[in-house]
Chemist: 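Got a structure here, written out as structure tokens. Questions coming.
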There are 2 protein chains.
Amino acid sequence: METKTTLPKSVKNKKRGALTGRQLEDLVETFKVLSDPTRLKIAVTLTNNELCVHDIADATGISESAASHQLRVLRSLRLVKHRRQGKQIFYSLDDHHIEKLIQVATEHIAER
Amino acid sequence: METKTTLPKSVKNKKRGALTGRQLEDLVETFKVLSDPTRLKIAVTLTNNELCVHDIADATGISESAASHQLRVLRSLRLVKHRRQGKQIFYSLDDHHIEKLIQVATEHIAER
DNA sequence: TCAATGTATGAACAAGTGTTCAGATAAGCA
DNA sequence: TGCTTATCTGAACACTTGTTCATACATTGA
């Protein structure tokens, strides 16, 4: 991304769309977290389900290590929450917007 | 993404979530196209606007070449449509779901 | 047809990202 | 305390991706 003028970002971002740089970054991060097949599988799997890492790995067909890595990403962006019960940690969706995003995107691919 | 069993994908994907492999790929692609700052800027800029490449580049602060490259990506996924008028080509959003996705994601980042 | 403008394209590079593998914690139980 | 199970973590690797630069194509008007 290269600038063509000497305008500071704060000015240019207000030209259209009314999105601050911070908002744009956060939006990008939100879409990015769902743009990986492993993470999306996990998100879909956790819709209406509370599962431990082993079950998540089993249900999605990925290794437990890979699942753990991606769950940390999902956790850091507050897409999933976790609850420890003994040795196990149960994960579930932490935001109804996630299901909504998946739903709208599903409608999109169905209609195009 | 590695398998841990000998189950074919078609079986494993039906365990939970009821998403086919094709649907998952399309969903991933949809989120991925919005997970790049340049493309997201363009999408936001084109909300309620029909603009030519030069204006898109100007409004988003990216080079015309970069804009053109990304517009092709957006076009290939049917997120934008184009209309030629003389030497200029005007782009606009081709799917109301895109605005909806941006809206829901914006709500998400505002509440977390 | 030639020049000028608007847009598209290909190659190459830099940067980012997800997986695997090995090993490290953490909790429960004998 | 040890042992086992469940999960996490770091490093390394292969792979993907977006940008830039130079160039090509397309349309219009002289």
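What you see is a predicted model, and the numbers here were worked out from it, not measured in a lab. Numbers restart at 1 for each chain; the letters A, B, ... are given by sequence-line order, proteins then strands. We use all heavy atoms of the structure for the numbers below, so side chains are in, but hydrogens, waters and symmetry mates are not.
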Chemist: Establish whether the base of dC21(C) is bridged to the side chain of S65(A) by a donor-acceptor pair shorter than 3.5 Å.
Modeler: yes

Chemist: Rounded to whole angstroms, how far apart are CD1 on I62(A) and P on dT20(C)?
Modeler: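 Between P of dT20(C) and CD1 of I62(A): 9 Å.
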
Chemist: Between Q88(B) (CD) and dG29(D) (C1'), how many Å, whole number?
Modeler: 15 Å

Chemist: What is the separation between atom CD on E64(B) and atom C1' on dC21(D), rounded to the nearest whole Å?
Modeler: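 Answer to the nearest Å: 14 Å.
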
Chemist: Taking side-chain contact (heavy atoms from CB on, under 4.5 Å) as the definition, give me every residue that meets it alongside T47(A), ordered by chain and number, with sequence neighbours left out.
Modeler: L93(A), E99(A)

Chemist: dG6(C) P sits how many Å from L51(B) CG, rounded?
Modeler: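 So the CG-P distance, L51(B) to dG6(C), works out to 15 Å.
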
Chemist: Which residues within residues 69-84 of chain A lie with some heavy atom under 4.0 Å of an atom in DNA chain D?
Modeler: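 The answer is H69(A), R72(A), R75(A).
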
Chemist: Just compare dT20(D), dT7(C), dG18(C) and give me whichever is closest to any side-chain atom of R39(A).
Modeler: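 Side chain of R39(A) sits closest to dG18(C).
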
Chemist: Could you check how far NE2 of H54(A) sits from C1' of dC8(D), rounded to whole Å?
Modeler: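 Result: 16 Å.
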
Chemist: What donor-acceptor contacts under 3.5 angstrom involve side-chain atoms of residues 100-108 of chain B, with partners at least two apart or in another chain?
Modeler:
{"unit_1": "Q103(B)", "atom_1": "NE2", "unit_2": "E107(B)", "atom_2": "OE2", "d": "3.2"}
{"unit_1": "T106(B)", "atom_1": "OG1", "unit_2": "I102(B)", "atom_2": "O", "d": "2.6"}
{"unit_1": "E107(B)", "atom_1": "OE1", "unit_2": "H97(A)", "atom_2": "NE2", "d": "3.4"}
{"unit_1": "H108(B)", "atom_1": "ND1", "unit_2": "D95(A)", "atom_2": "OD2", "d": "2.3"}

Chemist: Can you measure from OG (S35(B)) to CG (D36(A)) and round to the nearest 0.5 angstrom?
Modeler: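 Answer for the OG-CG pair, S35(B) versus D36(A), is 10.0 Å.
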
Chemist: With R83(B), which residues qualify under side-chain hydrogen bond (donor to acceptor under 3.5 Å, both in side chains), at least two apart?
Modeler: E50(B)

Chemist: Looking at Q70(B) and A67(B), would you say the former's side chain and the latter's main chain have a donor-acceptor pair under 3.5 Å?
Modeler: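 A pair under 3.5 Å: no.
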
Chemist: Return the value, rounded to whole Å, for the distance between atom CD of Q85(B) and atom P of dT28(D).
Modeler: 10 Å

Chemist: Among dC8(D), dT9(C), dG18(C), which is the nearest nucleotide to the side chain of I89(A)?
Modeler: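 Closest nucleotide among those given: dC8(D).
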
Chemist: Write out all pairs satisfying ring pair (Phe, Tyr, Trp, His ring centres under 6.0 Å) with one or both partners inside residues 61-86 of chain B, taking only residues at least two apart or from two chains.
Modeler: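 Listed once each, the pairs are H82(B)-Y91(B).
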
Chemist: What residues, two or more places apart in sequence or in another chain, satisfy side-chain contact (heavy atoms from CB on, under 4.5 Å) together with D26(A)?
Modeler: R22(A), E29(A), I109(B), R112(B)

Chemist: Below the 4.0 Å mark, does dC29(C) have OP1 or OP2 next to a side-chain nitrogen or oxygen of K87(A)?
Modeler: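 Indeed not, no polar side-chain atom of K87(A) lies that close.
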
Chemist: Picking from dA22(C), dT17(C), dA8(C), which would you name as closest to the side chain of S68(B)?
Modeler: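 Of all the options, the side chain of S68(B) is nearest to dA8(C).
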
Chemist: Rounded off to whole Å, could you give me the CG-to-C1' distance for the L40(A) and dT17(C) pair?
Modeler: 17 Å

Chemist: Identify the two heavy atoms, one from A59(A) and one from T45(A), that lie closest to each other, and give their separation to 0.1 Å.
Modeler: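 Taking A59(A) first and T45(A) second, the nearest heavy atoms are CB-CG2, 4.0 Å.
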
Chemist: Quickly work out the I42(A) CD1 to dG18(C) C1' distance and round it to whole Å.
Modeler: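 For the pair I42(A) CD1 and dG18(C) C1', the rounded distance is 12 Å.
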
Chemist: If you compare every side-chain N and O of K32(A) against the phosphate oxygens of dT17(C) (OP1, OP2), does one of them come in below 4.0 Å?
Modeler: yes

Chemist: Look at all strands and tell whether F90(B) reaches a base, only sugar-phosphate, or nothing, counting heavy atoms closer than 4.0 Å.
Modeler: nothing

Chemist: Y91(A) side chain N/O closer than 4.0 Å to the phosphate oxygens (OP1, OP2) of dA6(D)?
Modeler: no

Chemist: Nearest to the side chain of T38(A), which nucleotide is it out of dT20(D), dT19(C), dT7(D)?
Modeler: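 My answer, after comparing the listed nucleotides, is dT19(C).
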
Chemist: Can you find a side chain N or O atom of S63(A) that sits less than 4.0 Å from OP1 or OP2 on dT20(C)?
Modeler: yes

